[in-house]
Number of protein chains: 2
Amino acid sequence: MDRFLSSAVNRIDAKGRVSVPAHFRAVVQKRGYSELYALRCLDRPAMDVGGLDLLDRYEQRIAQEDPFLRTADDMSFFCHGDGTFLKLDQDGRITMSDFIREHTGISAEVAFVGRGNFFQIWEPGRLSTYGAEARARLLQLRQGTKPGERPE
Amino acid sequence: MDRFLSSAVNRIDAKGRVSVPAHFRAVVQKRGYSELYALRCLDRPAMDVGGLDLLDRYEQRIAQEDPFLRTADDMSFFCHGDGTFLKLDQDGRITMSDFIREHTGISAEVAFVGRGNFFQIWEPGRLSTYGAEARARLLQLRQGTKPGERPE
DNA sequence: AATGTCCAAATGGGATATCATGGGGCACTA
DNA sequence: TAGTGCCCCATGATATCCCATTTGGACATT
């Protein structure tokens, strides 16, 4: 399987390292990612993590905009300024920098969530909160609340 | 990787020096920049820093303007006159001149922000304010695409 | 079903390399 | 002579390498 699926929670050690789930590492290798690109999610306390193709997609999108308009600048600000590279060490671990901790609230444990072509990193507590909200929204949709309306 | 990515804040020492993040220095070297050029951003308290090709970008912009209008002249004045060269010392540091401090409000710490082909220098507080605004604009964009659609 | 064995993955930690930062000293110059 | 820029080195913090130990699940055996 070459997609990031399922989820797992791993502990951060005293040096700030955390193991990427073996299954994810296998996908990373199968896809030939030599480096991982991590991006602060726009509206959630999570990081999207994937290969450079993730970044390429953003850059291609930006290229379509007028480079001198603010939108293009905002987009670049986001995908370059709010992104970072992650290095897998030889034991398959990554280090949780302050850059990541600030945005996610991660401190002692990390939740890894597969998302197909990429995966996400969450603080476990916030993930379950968010998951509950997402389910509630879907439920409301089914029960006939106006689509697009944000519950709460 | 040969792009300026991610952000970091470093402290200015008693002599007015600040370390350019190692990753940025690596990119500078990989791109073969022998000198760094810093330009005052037009509409923000930040500096754009990059190789001389940074000027290409602005000159391209100027070329779009009607050469008979004052705008073109202003722009040229701006990009050719309102910039300065930055020298990396042997330890990979640059000196924060008054020219930079005045425009950015930098005093004790410097935030470096990768922007792909160049990077920016900010006063950390102002950066976070501006970043929040930029993200808000992007969110707006996304929500304009299709109401109720699951953002991705 | 309970227990034991094995293996892969996760975790811990010492040693080392890299980086940010502070500071001394020298040359040039205003 | 004070100020500035530049060179060099010291130090502490962090990141990385490498190896040891623990954990947990799959499988086999009884």
Side-chain angles (χ1 to χ4, degrees), chain A residues 1 4-30 33-38 47 49 83-102 106-114 119 121-124, chain B residues 1 4-30 33-38 49 84-102 106-114 119-124 127:
Chain A
M1 177 49 68
F4 297 102
L5 294 175
S6 88
S7 67
V9 175
N10 286 343
R11 193 178 320 150
I12 298 178
D13 71 12
K15 296 181 179 179
R17 301 170 299 183
V18 63
S19 293
V20 173
H23 174 247
F24 286 8
R25 298 203 304 262
V27 176
V28 164
Q29 194 178 7
K30 184 165 286 181
Y33 295 154
S34 54
E35 239 170 341
L36 289 176
Y37 169 68
M47 309 285 300
V49 185
T84 187
F85 290 121
L86 294 181
K87 227 178 319 168
L88 277 169
D89 71 16
Q90 334 190 122
D91 298 322
R93 289 183 277 198
I94 53 179
T95 54
M96 292 292 108
S97 60
D98 289 344
F99 182 81
I100 295 176
R101 292 174 192 260
E102 273 172 27
I106 286 171
S107 62
E109 290 189 322
V110 181
F112 293 84
V113 183
F119 63 91
I121 285 177
W122 287 78
E123 192 284 315
Chain B
M1 178 43 58
F4 295 102
L5 202 73
S6 100
S7 66
V9 356
N10 287 343
R11 193 175 319 149
I12 299 178
D13 70 13
K15 295 182 178 181
R17 302 170 300 181
V18 64
S19 293
V20 174
H23 174 248
F24 286 10
R25 299 203 302 262
V27 176
V28 165
Q29 193 177 8
K30 186 165 286 179
Y33 295 154
S34 52
E35 252 171 333
L36 287 177
Y37 196 64
V49 184
T84 182
F85 287 104
L86 294 180
K87 254 170 301 177
L88 278 169
D89 71 16
Q90 310 191 147
D91 298 322
R93 290 183 276 199
I94 54 179
T95 301
M96 291 292 107
S97 61
D98 288 343
F99 179 80
I100 295 177
R101 292 174 192 261
E102 271 173 27
I106 285 171
S107 62
E109 290 189 321
V110 181
F112 294 83
V113 183
F119 64 91
Q120 288 182 326
I121 285 176
W122 287 79
E123 191 284 315
L127 171 64

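Below, read A as the first sequence line, B as the second, and so on, with proteins coming before strands; counting in each chain starts at 1.
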Walking along DNA chain C from 5' to 3', note the first and the last nucleotide with an atom under 4.0 Å from a heavy atom of chain B, and give both.
-> dC19(C) to dG25(C)
In chain order, what residues pass the side chain to side chain contact (heavy atoms under 4.5 Å, CB included) check against Ser97(A), with sequence neighbours excluded?
-> Phe99(A), Ile100(A)
Output all residues satisfying side chain to side chain donor-acceptor pair (under 3.5 Å) with Asp89(A), sequence neighbours left out; order by chain, then residue number.
-> none
Can you list the residues that meet the ring-ring contact (aromatic ring centres under 6.0 Å, His included) rule with Tyr37(A), with sequence neighbours excluded?
-> none
Can you sort out the partners of Phe112(A) under ring-ring contact (aromatic ring centres under 6.0 Å, His included), two or more places apart, ordered by chain and number?
-> none
Mind checking side chain to side chain contact (heavy atoms under 4.5 Å, CB included) for Val27(B) and listing every partner two or more places apart, or none if nothing turns up?
-> Phe4(B), His23(B), Arg31(B)
Under the side chain to side chain contact (heavy atoms under 4.5 Å, CB included) test, which residues partner Lys87(A), sequence neighbours left out?
-> none
Donor-acceptor pairs are to be reported for all side-chain atoms of residues 12-20 of chain A against protein atoms at under 3.5 Å, with residues two or more places apart or in another chain.
from     : atom 1 : to       : atom 2 : distance (Å)
Asp13(A) : OD1    : Lys15(A) : N      : 2.8
Asp13(A) : OD1    : Gly16(A) : N      : 3.1
Asp13(A) : OD1    : Arg17(A) : N      : 2.9
Asp13(A) : OD2    : Arg17(A) : NE     : 2.7
Asp13(A) : OD2    : Arg17(A) : NH2    : 2.8

On DNA chain C, check which nucleotide each of Asp13(B) and Pro21(A) is closest to and give me the residue with the more 5' one.
-> Pro21(A)
Within the structure shown, what part of the strands sits under 4.0 Å from Val9(B) by heavy-atom distance: base, sugar-phosphate, or nothing?
-> nothing
Per-nucleotide protein contact string for nucleotides 5-17 of chain D, where B marks a base within reach and S marks sugar-phosphate only (heavy atoms under 4.0 Å, - for neither) = -BBBB------BB
Verdict with reasoning, Arg93(B) to Asn10(B), per side chain to side chain contact (heavy atoms under 4.5 Å, CB included) = CA-CA 10 Å; Arg93(B) 290 183 276 199; Asn10(B) 287 343; over 6 Å; no
Sorted by chain and residue number, the salt bridge (charged side-chain N to carboxylate O under 4.0 Å, His left out) partners of Glu102(B) (sequence neighbours excluded) come out as Arg40(B)
Rounded to 10°, the helix from dA1(C)-dT30(D) to dA30(C)-dT1(D) deviates from straight, judged by its five-pair end axes, by 20°
Side chain to side chain contact (heavy atoms under 4.5 Å, CB included) filter on Ala111(A), not counting sequence neighbours, yields Val9(A), Trp122(A), Pro124(A), Leu127(A)
